[in-house]
Amino acid sequence: FPAQLKLESSSNRDLEDLKAYLDRFFPLLTKTPSLSLEDRIKEMQRFFHLTLTGKLNAETKETMKQPRCGIPDIAN
Amino acid sequence: YETFPGNPRWRKRHLTYRIVNYTPDLPQKKVDDAIRRAFMVWSDVTPLKFQRVFKGHADIMIQFARGEHGDGYPFDGKGKTLAHAFAPGEGIGGDAHFDDAERWSEYNQEVNLFLVAAHEFGHSLGLAHSNVQGALMYPLYSYVNPATFRLSEDDKRGIQKLYGRKSS
């Protein structure tokens with residue numbers, strides 16, 4: 001039971017980190033309708049030439065950890 | 001490559017820069033030299049010229065800062081975001097800020113100041129991020145030896161689209 005709880009809390013944190021990353025570097029542009037989280041993940045995976053899964057997989061998580069510039073990746 | 005919406009660029013070819021403060025990680029002369037060489041990356045392939053000034057306002061104000069530093073885009077501690085810069089324009093336009101929670105270096109330890117500065121000055125001149133791996137304007141940091149650093153064709157096309165080629 002605690003393992004499950006731990007698992008959930010870490011995946012919640014991953015999800016929060018992911019949304020913060022997407023909001024910061026792949027912000028929803030005012031003109032585009034609200035994209036699904038899966039589409040937003042694909043947008044990031046496409047930019048970084050990752051496998052397009054629409055899911056927070058290991059290589060996407062690894063990319064998010066890379067030191068980087070603070071400017072968004074889609075120019076807006 | 002990408003430029004910012006509306007293609008903001010400097011309307012003059014002679015730009016000034018000022019190093020407002022220094023990181024304690026490197027001798028000031030090393031910072032001066034890394035910044036000078038980072039501007040040369042762009043002046044080598046365009047008609048742009050960069051002149052350092054030591055007081056008052058410059059087109060490109062360069063500062064080292066931690067956390068919230070007055071522009072509404074706080075840094076996030078060691079790792080993750082290393083620096084940011086603003087597209088050409090009045091006031092904060094063109095300015096470049098470096099996160100002093102990072103450990104800045106002139107070699108391959110920690111974060112190489114020359115490489116990050118050359119990237120940020122690309123933003124200061126009007127380039128956004130490129131999705132070409134290996135391009136200087138690619139958003140993720142990766143070390144290459146500054147002594148053998150060469151601007152990628154993608155970066156060159158982008159900056160020359162904004163300012164033209166260097167006249168022979």
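All chains are named by letter (A, B, ...) in the order of the sequence lines, taking the proteins before the strands, and each is independently numbered beginning at 1.
Around NZ of Lys78(B), the count of heavy atoms belonging to other residues, nucleotides or ligands within 6.0 Å exceeds 12. Within 6.0 Å of the CD atom in Glu90(B), the count of heavy atoms belonging to other residues, nucleotides or ligands does not exceed 12.
For Arg37(B), the salt bridge (charged side-chain N to carboxylate O under 4.0 Å, His left out) criterion is met by Asp33(B), not counting sequence neighbours. Under the rule for a salt bridge (charged side-chain N to carboxylate O under 4.0 Å, His left out), Arg165(B) has no partner lying at least two apart in sequence or in another chain.
Each of Leu48(B) and Phe4(B) belongs to its own hydrophobic cluster when Ile, Leu, Val, Met, Phe, Trp and Tyr are linked at side-chain heavy-atom distances under 4.5 angstrom. Linking ILVMFWY side-chain heavy atoms closer than 4.5 Å, directly or via other members, places Leu56(A) and Phe26(A) in a single hydrophobic cluster. A chain of hydrophobic side-chain contacts below 4.5 Å, direct or via other Ile, Leu, Val, Met, Phe, Trp or Tyr residues, connects Ile60(B) to Leu115(B). By the criterion of side-chain heavy atoms lying less than 4.5 angstrom apart, applied directly or through intervening Ile, Leu, Val, Met, Phe, Trp or Tyr residues, Val41(B) is grouped together with Leu162(B) in one hydrophobic cluster. In the hydrophobic clustering of this structure, Val116(B) groups with Leu26(B); members are Ile, Leu, Val, Met, Phe, Trp, Tyr whose side-chain heavy atoms approach within less than 4.5 Å, directly or through other members.
Contact annotation for Ala87(B): neither backbone nor side-chain heavy atoms come within less than 4.5 Å of a heavy atom of chain A. Contact of Asp76(B) with chain A is made through the side chain alone, with heavy-atom distances under 4.5 Å.
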Stepwise side-chain contact (heavy atoms from CB on, under 4.5 Å) check, His129(B) with Arg68(A): CA-CA 11 Å; His129(B) 280 152; Arg68(A) 58 160 294 150; 3.6 Å; yes

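For residues 37-51 of chain A, a heavy-atom distance under 4.5 Å to chain B picks out Phe47(A), Phe48(A), His49(A), given by residue number.
Looking only at side-chain heavy atoms (C-beta outward), Arg24(A) and Thr81(B) come within less than 4.5 Å of each other.
To the nearest 0.5 Å, atom NZ of residue Lys80(B) and atom CE of residue Met64(A) are 9.5 Å apart.
Highest contact tally toward chain A, considering only His119(B), Glu102(B), His97(B), Gln133(B), is held by Gln133(B) [criterion: heavy-atom pairs under 4.5 Å].
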Pair up each side-chain donor or acceptor in residues 134-144 of chain B with any protein partner under 3.5 Å, not counting sequence neighbours, and list the distances.
| unit_1 | atom_1 | unit_2 | atom_2 | d |
| --- | --- | --- | --- | --- |
| Tyr141(B) | OH | Asn112(B) | N | 2.8 |

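Contact record, Glu120(B) with Cys69(A): OE2-SG, 3.1 Å, taken as the closest heavy-atom pair.
A donor-acceptor pair is defined here as one N or O able to donate and one able to accept, closer than 3.5 Å; no such pair exists between the side chain of His123(B) and the backbone of Ile71(A).
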